[in-house]
Amino acid sequence: MYHDAVTNFDMARLFYEMAHLLEVRGESAFRVRAYQRAAQQIESLAEDLAAVAARGELQTIPGIGKDLATRITEYLATGKIGQLEALRAEVPPNFLTLLEVRGLGPKTAKLLLERLGVDSVDRLEEACTSGEILTVAGIREKTCENILKGIAIWRAGRSRMLLARARDIARQVVAVLQAQAPVERIEIAGSLRRMRETVKDIDLLVTSTDPPRVIETFVALPSVLEVIGAGDTKASVHHTDGIQIDLRVVDPAAFGAALQYFTGAKDHNVRLREMASRRRLKISEYGVFDELTGNRVAGATEEEVYAAVGLPWIPPELRENGGEIEAALTGALPALITADRIRGDLHAHTDWSDGHHSLAKLIEAAEARGYEYILVSDHSKSSTVAGGLGADRLREQIRAVRELQPRYKIRILAGSECDILADGAMDFPPEVLGELDIVLAAVRTPT
DNA sequence: GTCTACTTAGACCGAGCCCTAGCGGGCTC
């Protein structure tokens with residue numbers, strides 16, 4: 001069976017792709033929505049889709065009927081979906097990227113493909129800037145302007161990827177390399193290690209007895225879209241999910257120095273180099289060296305590197321030249337907030353509006369994380385698209401929440417006549433939260 | 001496409017804005 005390599009995320013992504021392709025084809029909006037809904041369900045599934053399939057229970061997932069269950073089974077067994085392959089063949093390879101441009105929908109995109117051969121964002125931009133797009137009936141200056149704005153937003157968003165997504169990709173690549181390449185040690189470096197909210201690329205550092213084979217395995221991964229460059233100890237590739245990954249194989253004696261160097265941030269490293277210079281030392285990705293003798297005095301571990309310039313090890317999350325060097329020098333580095341110190345969640349939706357899970361599941365998840373409280377903040381009726389609660393349904397939800405007493409201490413923040421709190425709903429004394437298990441509030445979506 | 005109420009068919013989220021075309025459709029949230 002193929003399913004060992006299939007993640008719920010992969011399957012959901014394929015269904016989203018099918019929804020887009022069906023939309024471009026002009027299929028029924030309900031059919032399109034069926035694929036989108038199924039993708040959402042799979043994304044929020046608490047267990048491995050393959051396990052559900054193995055039990056023959058795919059059709060117990062809401063939104064998955066006979067047809068979609070068949071598609072899932074086909075993919076798990078073969079790694080392909082015949083219908084998707086056929087749909088893909090109907091449009092150019094990168095055509096769907098056009099739909100990521102805000103302001104450009106499937107119909108307009110298809111029209112531009114047919115009339116002007118617009119098959120990529122670059123080509124779209126060219127058609128807009130040259131004015132060629134204005135020759136297409138139904139498109140005027142204003143639309144052209146909006147599309148150009150959309151392209152600018154698309155480019156800005158594309159240049160960086162959200163941390164969680166980049167981390168998933170990095171972990172997958174690390175896991176495959178550990179399984180398939182002669183890797184002794186492998187670490188994620190760069191802004192991903194610093195846990196920046198968004199990252200531009202993924203940096204991986206490896207030690208190995210056979211560097212060329214690591215590189216060879218890396219560039220041949222199925223998830224690699226394009227190899228930018230590859231040598232004996234270094235390679236850069238474009239991943240299919242739209243992010244660049246750089247991999248370096250380094251000497252174990254310099255691993256700490258390389259990890260420190262490639263973790264950055266740049267300004268933090270500049271400060272370190274200045275401190276080293278004052279001690280007649282030189283720091284590089286290869287180690288810490290005595291300026292006079294050229295001997296390496298540190299490099300195997302990050303702790304060694306920091307100690308060489310008179311500092312304790314500094315957590316990567318703090319390495320932004322934002323006062324962490326001064327704090328380290330005076331022994332005042334802050335303790336980072338760890339997951340076990342998070343006491344509660346102040347913004348949670350349930351399936352009463354657009355959440356994917358029931359109130360019971362939400363509570364279960366909160367308890368599993370050791371939370372002291374959770375705020376149920378479903379949409380109000382002002383957000384119809386999200387299935388927001390009107391007065392009657394809100395009363396029902398309040399009743400459902402109250403039924404959880406006395407096991408949980410509860411505070412209801414919504415008014416009796418659906419007099420829903422404005423966004424200031426979170427503005428109540430934090431000490432109150434400590435006494436509560438569940439708070440219910442319907443928060444108005446800004447309109 | 002799925003789901004539901006009934007076994008074959010109909011419902012399925014919708015308001016508001018923008019743009020183009022002259023009334024309706026695309027798009028967003």
Side-chain angles (χ1 to χ4, degrees), chain A residues 11-12 14-45 49 52 57-75 81-84 86-87 96-115 118 124 127-128 131 133-154 157 347 349 351-356 377-390 392-393 423 442-447:
Chain A
M11 194 69 238
L14 293 178
F15 276 180
Y16 279 126
E17 187 182 348
M18 287 187 76
H20 274 134
L21 288 166
L22 290 168
E23 208 172 8
V24 168
R25 211 164 185 259
E27 296 278 346
S28 149
F30 296 112
R31 195 175 169 212
V32 171
R33 200 170 295 151
Y35 277 92
Q36 290 169 338
R37 209 168 39 224
Q40 285 166 358
Q41 285 292 340
I42 292 167
E43 267 181 330
S44 61
L45 205 60
L49 190 64
V52 182
E57 293 177 358
L58 285 174
Q59 290 188 56
T60 63
I61 300 170
I64 301 210
K66 192 169 159 240
D67 282 26
L68 293 186
T70 305
R71 308 256 179 278
I72 294 170
T73 309
E74 179 188 356
Y75 186 66
I81 301 176
Q83 190 195 18
L84 174 60
L87 286 169
L96 287 187
T97 317
L98 287 169
L99 301 186
E100 294 170 14
V101 175
R102 200 185 181 105
L104 189 70
K107 297 222 164 23
T108 314
K110 194 173 183 207
L111 182 70
L112 293 177
L113 172 68
E114 288 167 354
R115 298 288 173 79
V118 169
L124 176 67
C128 286
I133 199 169
L134 301 175
T135 63
V136 177
I139 296 182
R140 293 276 190 271
E141 285 82 358
K142 189 69 184 173
T143 304
C144 176
E145 202 178 290
N146 282 342
I147 290 176
L148 282 171
K149 276 183 196 163
I151 291 173
I153 293 168
W154 178 83
H347 189 165
H349 294 195
D351 56 9
W352 281 80
S353 67
D354 63 348
H356 292 308
S377 56
D378 277 302
H379 288 280
S380 78
K381 63 181 178 183
S382 66
S383 188
T384 47
V385 68
L389 280 66
D392 290 341
R393 290 198 64 233
D423 293 337
V443 179
R444 178 158 43 211
T445 306
T447 51

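Quantities reported herein were computed from a predicted structural model and do not represent experimental measurements.
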Name the nucleic acid region contacted by A/F30, choosing base, sugar-phosphate or nothing; use a 4.0 angstrom heavy-atom cut-off, strictly under. base
Residues forming a side-chain contact (heavy atoms from CB on, under 4.5 Å) with A/A127, sequence neighbours excluded: A/L116, A/V118, A/R123, A/E132, A/I133
So which one's nearest nucleotide on DNA chain B is more toward 5', A/I64 or A/A109? A/I64
When you measure from the side chain of A/E74 to the backbone of A/G82, do you find a donor-acceptor pair of N or O atoms at a distance under 3.5 Å? yes
Taken to the nearest whole Å, NZ/A/K110 to P/B/dG25 is 18 Å
Residues forming a side-chain hydrogen bond (donor to acceptor under 3.5 Å, both in side chains) with A/E57, sequence neighbours excluded: A/R55
Produce a footprint string for nucleotides 5-10 of chain B: one letter per nucleotide, 5' end first; B if the base is under 4.0 Å from any protein heavy atom, S if only the sugar-phosphate is, - if neither. ------
Using a cut-off of strictly less than 4.0 Å, decide whether A/Q83 has a side-chain nitrogen or oxygen near OP1 or OP2 of B/dG1. yes
Test: salt bridge (charged side-chain N to carboxylate O under 4.0 Å, His left out). Region: residues 36-45 of chain A. Which pairs qualify, not counting sequence neighbours? none
Check side-chain contact (heavy atoms from CB on, under 4.5 Å) between A/L14 and all other residues, then give those that pass, not counting sequence neighbours. A/E17, A/Y75, A/I81, A/L84, A/R88
Partner set under side-chain hydrogen bond (donor to acceptor under 3.5 Å, both in side chains) for A/R115, not counting sequence neighbours: none
Applying side-chain contact (heavy atoms from CB on, under 4.5 Å) to A/S28 and not counting sequence neighbours gives A/F30, A/R31
Give me each pair satisfying salt bridge (charged side-chain N to carboxylate O under 4.0 Å, His left out) with a member in residues 134-144 of chain A, each pair once, sequence neighbours excluded. A/K142-A/E145
How would DNA chain B look in dot-bracket form, 5' to 3', counting Watson-Crick and G-U wobble pairs with both distances under 3.5 Å and writing | for bases paired to another strand? (((((..))))).((((((....))))))
Could you write out each protein N or O paired with an N or O of nucleotides 18-20 of chain B at a distance under 3.5 Å?
{"from": "B/dC19", "atom 1": "OP1", "to": "A/N146", "atom 2": "ND2", "distance (Å)": "2.9"}
{"from": "B/dC19", "atom 1": "O3'", "to": "A/T143", "atom 2": "OG1", "distance (Å)": "2.9"}
{"from": "B/dT20", "atom 1": "OP1", "to": "A/R140", "atom 2": "N", "distance (Å)": "2.4"}
{"from": "B/dT20", "atom 1": "OP1", "to": "A/T143", "atom 2": "OG1", "distance (Å)": "3.3"}

Taking 4.0 Å as the cut-off, does a side-chain nitrogen or oxygen of A/R33 come that near to OP1 or OP2 on B/dC13? yes
What residues, two or more places apart in sequence or in another chain, satisfy side-chain contact (heavy atoms from CB on, under 4.5 Å) together with A/T97? A/N94, A/E100, A/V121, A/W154, A/R158
For A/H349, give me all partners under ring-ring contact (aromatic ring centres under 6.0 Å, His included), at least two apart in sequence or on another chain. A/H347, A/H379
What is the distance from CD1 of A/I42 to P of B/dG1, rounded to the nearest Å? 14 Å
